[in-house]
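Okay, so here's the structure we're looking at.
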Amino acid sequence: MDEFERAKSLFPGGVNSPVRSFDPYPIFMKSGRGSRITDSDGREYIDYWLGSGPLILGHSHQAIVNAISEQAGKLSVTGTPNELEVELASVIREALPFVEKMRFTNSGTEATMHAIRLARGYTGRNLVVKMEGCYHGSHDYSLIKSGSGLLTHGVPSSPGIPEAVSGTVMVAKYNDIESIKEIFEECGENISSVILEPVMANAGVILPKDAYLRDVGRIARDSGSLLIFDEVVTGFRFHWGSYSSTIGVKPDITILGKIIGGGMPVGLFGGSADLMDHISPSGNIYQAGTFSANPVTMAAGIAALRQLKQENYVLLQRRAEKLASGISGEIRNSGRECAMNSIGPMFQFFPGVGKVDRYEDLSPVKPRDYFSIFTRLLKSGVYLAPSVFETNFLSFSHTDDDISLTLESARKVIENSGS
Ligand SMILES: Cc1ncc(COP(=O)(O)O)c(C=O)c1O
């Protein structure tokens with residue numbers, strides 16, 4: 001593959017983000033429309049990866065394309081405030097009223113990094129608690145996994161992260177309230193915040209147990225710590241608003257990303273006015289960005305959120321359930337266990353295991369079992385998330401025919417392989 005050979009000479013592993021790489025080589029895409037994406041050889045795929053989540057309206061949605069083209073011809077970056085940032089922020093506050101003030105960033109990574117700084121600066125405490133298996137972007141405070149025991153500090157999951165950094169992060173177990181209780185009993189007065197994905201979306205899909213998130217919030221607040229929900233994936237995914245509002249939990253800081261940029265680079269962190277006013281220049285906690293709230297992203301985000309307000313999320317969920325249960329059913333029919341987790345338009349199936357309720361349940365999962373289905377579906381024109389530890393997404397542009405075609409392909413590839 002010529003393009004990949006060239007890419008390998010230019011980028012580490014030939015890619016600009018590791019999850020894009022898979023054997024024997026990643027596929028280069030050149031265009032997309034609706035539920036379909038087309039590669040550089042002209043082959044079309046039904047796309048359930050959707051740019052790793054932003055494209056809930058599908059590829060090249062006309063309202064977003066129009067907004068981007070119009071804005072790009074007018075003004076791209078200003079180094080000044082612009083009206084569009086005010087408009088998008090107002091729309092977001094309408095949907096998430098507890099996000100009274102916010103800051104736009106260019107990625108989810110930036111937003112979680114700045115949210116952690118805000119929590120530390122506000123509380124005057126250094127420790128942060130994260131959950132094993134939750135992902136908050138690729139900055140140093142996110143790439144930390146659990147150490148030898150629960151009450152030891154986390155260890156870096158990548159070289160290049162100093163122990164001075166990992167020593168400020170403690171790692172709890174998602175869906176295990178005892179693990180967070182223990183950490184808070186030991187060092188609650190030094191903990192600035194707990195950050196987590198309310199629904200895990202970077203370890204396949206793992207749903208929170210009843211009352212778990214409420215209990216985490218209570219434990220954090222009893223110790224004067226802040227609760228940070230990373231809704232980069234879940235924001236505007238299940239309805240026109242946050243996941244937190246569907247379960248009646250109000251985090252102190254909410255992180256958004258992906259969907260709110262309509263496919264353009266974006267992130268956001270926000271919370272009460274009182275808290276957010278600690279950010280510079282109204283406060284002394286520093287945060288900045290040349291491209292933050294750039295007008296093109298803002299225009300795309302406004303178009304996306306306006307469109308989403310009119311969409312039928314119930315229908316979207318029904319289609320996703322049909323697809324997810326269809327694929328996992330085929331695997332079970334072939335004589336193998338297969339856990340399947342889904343919520344709204346997000347789903348993942350785990351061939352070879354009976355249930356995945358916690359991150360630890362992933363240890364018997366053999367990534368190549370999923371990957372072999374991924375590869376064979378790819379050949380038949382279906383593009384799933386490239387790893388069992390990622391999430392498949394459905395968009396409003398997927399039709400019942402797309403689902404039927406996908407299930408037909410899944411039936412063939414699973415039947416013919418015995419997996
Ligand atoms: C939950 C979550 N938080 C943060 C991020 C980082 O966002 P970005 O890739 O825009 O930096 C991601 C990325 O997938 C994510 O899934």
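Whatever order the structure lists ligands and atoms in, that order sets their numbers, starting from 1. All values derive from a computational prediction rather than experimental measurement.
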Where does [X] meet ligand 1, judged by heavy-atom distances below 4.0 Å: at the side chain, the backbone, both, or neither?
X	result
T109	both
I255	neither
E197	side chain

Which residue and heavy atom of the protein sit nearest [atom], plus the separation:
atom	answer
atom 10 (O) of ligand 1	G108 N, 2.9 Å
atom 5 (C) of ligand 1	G137 N, 3.8 Å
atom 3 (N) of ligand 1	D230 OD2, 2.6 Å

(message) Is it the case that the ring center of Y370 lies less than 6.0 angstrom away from the ring center of F389?
(response) no

(message) With the threshold set at under 4.0 angstrom, would you say E231 reaches ligand 1 through any of its heavy atoms?
(response) no

I'd like to know if [X] pairs up with [Y] as an ion pair, taking the criterion as any Lys NZ or Arg NE/NH1/NH2 lying under 4.0 Å from an Asp or Glu carboxylate oxygen.
X	Y	answer
K181	E178	yes
R6	E3	no
E87	R306	yes
D361	K355	yes

(message) Any nitrogen or oxygen of N202, side chain or backbone, less than 3.5 Å from one on ligand 1?
(response) yes

(request) Indicate yes or no: does an N/O atom of K258 lie under 3.5 Å from an N/O atom of ligand 1? (result) yes

(message) Has E132 got a side-chain atom pairing as donor or acceptor with K145's backbone, closer than 3.5 angstrom?
(response) no

(request) For V233, counting its heavy atoms only, list the atoms of ligand 1 lying under 4.0 Å from any of them. (result) 16 (O)

(message) What I'd like to find out is whether the side chain of E390 reaches to under 4.5 Å of the side chain of W49, using heavy atoms alone.
(response) yes

